[in-house]
Protein chains: 2
Amino acid sequence: MGRWEPDARGRLLRAAIELFTEHGYDATTAARIAAHAGLTKTTLFRHFADKREILFQGQDALVAAVVAGVVAAPADAAPAELVRAGVASLCAAHADDLHDVGRLLDPLLAATPELRERATFKRSAITEALEGALADRLGDPRQAGLLADVGVRAYYEGYAAWMLGDGSNALLDSVDDELAAYESASRRLHDDD
Amino acid sequence: MGRWEPDARGRLLRAAIELFTEHGYDATTAARIAAHAGLTKTTLFRHFADKREILFQGQDALVAAVVAGVVAAPADAAPAELVRAGVASLCAAHADDLHDVGRLLDPLLAATPELRERATFKRSAITEALEGALADRLGDPRQAGLLADVGVRAYYEGYAAWMLGDGSNALLDSVDDELAAYESASRRLHDDD
DNA sequence: GTCTATACAATGATAGAC
DNA sequence: GTCTATCATTGTATAGAC
């Protein structure tokens with residue numbers, strides 16, 4: 001692989017998490033992160049468009065994954081099955097070491113609005129992608145919107161629950177639990193009319 | 001009102017829209033916006049935390065409005081009525097001149113991911129506020145989440161439709177149409193099971 | 001209570017060398 | 001792919017003017 005230490009992005013991620021956790025996001029300069037990873041500021045910004053993006057690398061793959069999941073679903077799949085195919089593909093796209101990264105990321109997001117803003121934007125990109133894929137299959141854009149919201153909610157809350165666990169459970173199981181719970185909540189909402 | 005031209009924020013808003021539209025967001029410096037509004041860069045940043053916030057001033061009032069709407073709803077209101085109370089309050093919080101501002105804002109958002117990110121964050125803040133208010137009334141956080149998503153969807157799409165019109169229709173009418181359409185889409189989703 | 005002047009640290013872009 | 005160097009711009013901080 002040549003002259004340099006491999007996995008510059010991974011090293012920058014670990015450096016950023018460590019320094020943000022220790023000193024806070026604002027007090028940690030990009031130059032310091034780069035130096036901690038054995039690189040320079042210039043190189044950091046060649047790999048990432050901005051400082052926040054260090055923490056969210058790989059999320060763009062999730063947009064592709066959720067669409068691929070829906071597209072690959074059987075032709076006769078019901079709406080709820082399409083959603084589940086999408087979020088299952090999302091779960092499969094996870095490297096398992098995200099179990100550890102996620103636990104460290106959480107307090108950083110809680111402490112830093114700037115990072116929450118980026119996280120929200122990523123979530124919204126996933127939602128829009130799922131919505132588009134569902135609309136293609138269902139023909140009804142409003143049904144697609146509703147289902148996309150549920151699917152992404154189930155995914156994020158399933159992810160949060162899974163992160164709190166010890167890692168012995170599968171992410172998809174947590175997400176399936178959430179999907180079922182939302183299905184039930186939605187049904188109750190209609191039955192009470 | 002005293003020694004200075006009034007409505008510094010409004011002047012900065014108009015200056016920003018005009019210059020962003022003409023030269024693009026990136027090519028327009030904060031100093032240029034300030035000068036165009038008859039102010040200095042220092043003053044601009046006294047009014048707004050960052051450059052993007054110029055365009056989204058007032059959105060924080062929407063967070064308070066949506067909560068107030070739900071809180072003020074009758075004690076025996078059904079879930080759907082709580083949602084409608086929240087988004088109706090959102091609509092009432094609008095100054096009508098937003099009809100014009102919105103039309104100019106739209107192409108800017110389309111052209112500038114940075115601005116879309118901020119817009120997404122504001123939408124998310126409204127959603128979370130509505131979700132919290134609904135959870136307080138309903139007791140069920142998952143129902144609250146589902147309903148908050150529908151309500152905010154209806155509001156944003158109603159707003160988009162209203163903006164395309166000539167201004168003779170009321171915003172709330174557009175939003176009500178969307179609420180009804182989502183209600184129907186949701187019902188179809190369940191009946192097809 | 002709002003504005004301005006000045007100085008400053010940090011982000012992120014750019015150009016050219018290895 | 002990385003580095004040095006330089007640069008415009010953002011956003012902050014301080015001090016003071018009206």
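Order of the sequence lines sets the chain letters (A, B, ...), proteins ahead of strands, with each chain counted from 1. Computed from a predicted structure; not experimentally measured.
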For dG1(D), take OP1 and OP2 only and decide whether either is under 4.0 Å from a side-chain N or O of H47(A).
no
note: D26(B), atom CG; dT11(C), atom P; distance rounded to Å ~ 18 Å
Heavy atoms from C-beta onward define the side chain here; which of dT2(D), dT11(C), dT10(D) lies closest to that of T43(A)?
dT2(D)
In whole angstrom, what separates D50(B)'s CG from dG12(C)'s P?
12 Å
Reckon T42(A) touches a base, only the sugar-phosphate, or nothing at all at heavy-atom distances under 4.0 Å?
base
Return the orientation label for the H94(B) and W162(B) ring planes: parallel under 30°, perpendicular over 60°, tilted otherwise.
tilted
From CZ of R46(B) over to P of dG16(D), roughly how many Å is that when rounded to an integer?
17 Å
Quick test of your reading of the model: are R118(B) and E114(B) salt-bridged, counting only N-O distances below 4.0 Å?
no
Spacing of L44(A) atom CG relative to dG12(C) atom P, expressed in whole Å:
10 Å
Rounded to whole angstroms, how far apart are CZ on F45(A) and C1' on dT11(C)?
5 Å
For K51(A), report the nucleic acid contact type (base, sugar-phosphate, nothing); a contact means any heavy atom under 4.0 Å.
sugar-phosphate
Integer-rounded Å distance: dG12(C) C1' and E53(A) CD
14 Å
Less than 6.0 angstrom from the centroid, inside 45 degrees of the normal: does K51(B) satisfy that with respect to the ring of F45(B)?
no
What integer distance in Å separates L12(A):CG from dT11(C):C1'?
16 Å
I want to verify a distance call: between dT4(C), dT12(D), dA13(C), whose nearest atom is closest to the K41(B) side chain?
dT12(D)
Minimum heavy-atom separation for A73(B) to L82(B), with atom names?
CB-CD2, 3.6 Å
L39(B) side-chain proximity, nearest of dC3(D), dT4(C), dG11(D):
dT4(C)
Quick check with a 6.0 Å cut-off and a 45 degree axis cone: is R116(B) positioned over the face of F121(A)'s six-membered ring?
no
F48(A) or A27(A): which one's nearest nucleotide on DNA chain C is closer to the 5' end?
A27(A)
From CD1 of I33(A) over to C1' of dT11(C), roughly how many Å is that when rounded to an integer?
11 Å
